[in-house]
Asks: 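Sending over a structure as structure tokens; questions will come in a sec.
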Amino acid sequence: MSKSSKGEFVMDLQKIREQARKDMDEGPVTQSYGADREAVLKLLNGALATELICTLRYKRHYFMAKGINSEAVAQEFLEHATQEQEHADQLAARIVQLGGEPDFAPDSLTARSHSEYKEGRDLTDMIRENLVAERIAIDTYREIIRYLGDGDVTTRRIFEEILAVEEEHADDMVDLLAGRS
Ligand SMILES: [Fe+2]
Ligand SMILES: [Fe+2]
């Protein structure tokens, strides 16, 4: 694909068709894949570990939430746990699509996750720990999105979608801390 001398969009369809028939077992990774696949798989697996840890932390908090307003807070934790699980699934599916293997090994999960598994002493502490974890996820996903650029647009878009939800999660935690929910 290139621009003609007049700057028009010109596509060598014959070449694309030929290339599409080569290396068919590579799935969606064609010759025009513009990123370092091994590096992208590593990023995806790091994010997968993060989402799994976040799922577990929110689940723990959901079951342990006690005290004033704990019912509403617990429901928020549960909703987030479900969404973190969905993020993990999206990332695992993309890893497989790129010809990699999603790492669900429990022993090394905490070491591979960007955010931490913090149990929290009480309800307020739980909310604060979740806010910290969300802020870590937000920062790392922003970095990943910047790194991916135009090299792997589909993976970037997945991270952009997830990032938007993490920002909502962080907002939810801020509201809970301020007693606005
Ligand atoms: Fe998430
Ligand atoms: Fe989140």
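These numbers come from a predicted model, not from an experiment. Counting starts at 1 for both ligands and their atoms, in listed order.
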Asks: What angle, to the nearest 10°, do the atoms OE2 (Glu134) and ND1 (His169) form about the Fe ion (ligand 2)?
Replies: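 Between OE2 of Glu134 and ND1 of His169, the angle at the Fe ion (ligand 2) is about 90°.
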
Asks: Determine whether the side chains of Asn130 and His61 contain a donor N or O and an acceptor N or O closer than 3.5 Å.
Replies: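 Distance-only check passes for Asn130 and His61.
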
Asks: Verify whether one side chain among Glu166 and His169 offers a donor that lies under 3.5 Å from an acceptor in the other.
Replies: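 Yes, a side-chain donor-acceptor pair sits under 3.5 Å.
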
Asks: Name of the Glu84 N, O or S atom nearest the Fe ion (ligand 1)?
Replies: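 The atom in question is OE1.
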
Asks: What N/O/S atom of Glu51 gets nearest to the Fe ion (ligand 1)?
Replies: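 The nearest such atom is OE1.
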
Asks: If you define the side chain from C-beta out and look only at heavy atoms, does anything of Tyr33 sit under 4.5 Å from Leu98?
Replies: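 A side-chain contact exists here, since the closest heavy-atom pair is under 4.5 Å.
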
Asks: So, Glu86 and Gln90: side-chain donor and acceptor under 3.5 Å apart, yes or no?
Replies: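 Side chains of Glu86 and Gln90: no pair found under 3.5 Å.
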
Asks: Counting backbone and side chain alike, does Glu166 bring an N/O/S atom below 2.8 Å of the Fe ion (ligand 1)?
Replies: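 Glu166 does place an N, O or S atom closer than 2.8 Å to the Fe ion (ligand 1).
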
Asks: Any N/O/S atom, side chain or main chain, of His87 closer to the Fe ion (ligand 1) than 2.8 Å?
Replies: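 Yes, within the cut-off.
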
Asks: Is there a side-chain contact between Glu76 and Tyr62 in this structure, where contact means two heavy atoms from C-beta onward sitting under 4.5 Å apart?
Replies: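 The answer is no, as the side chains (C-beta and beyond) never meet within the 4.5 Å cut-off.
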
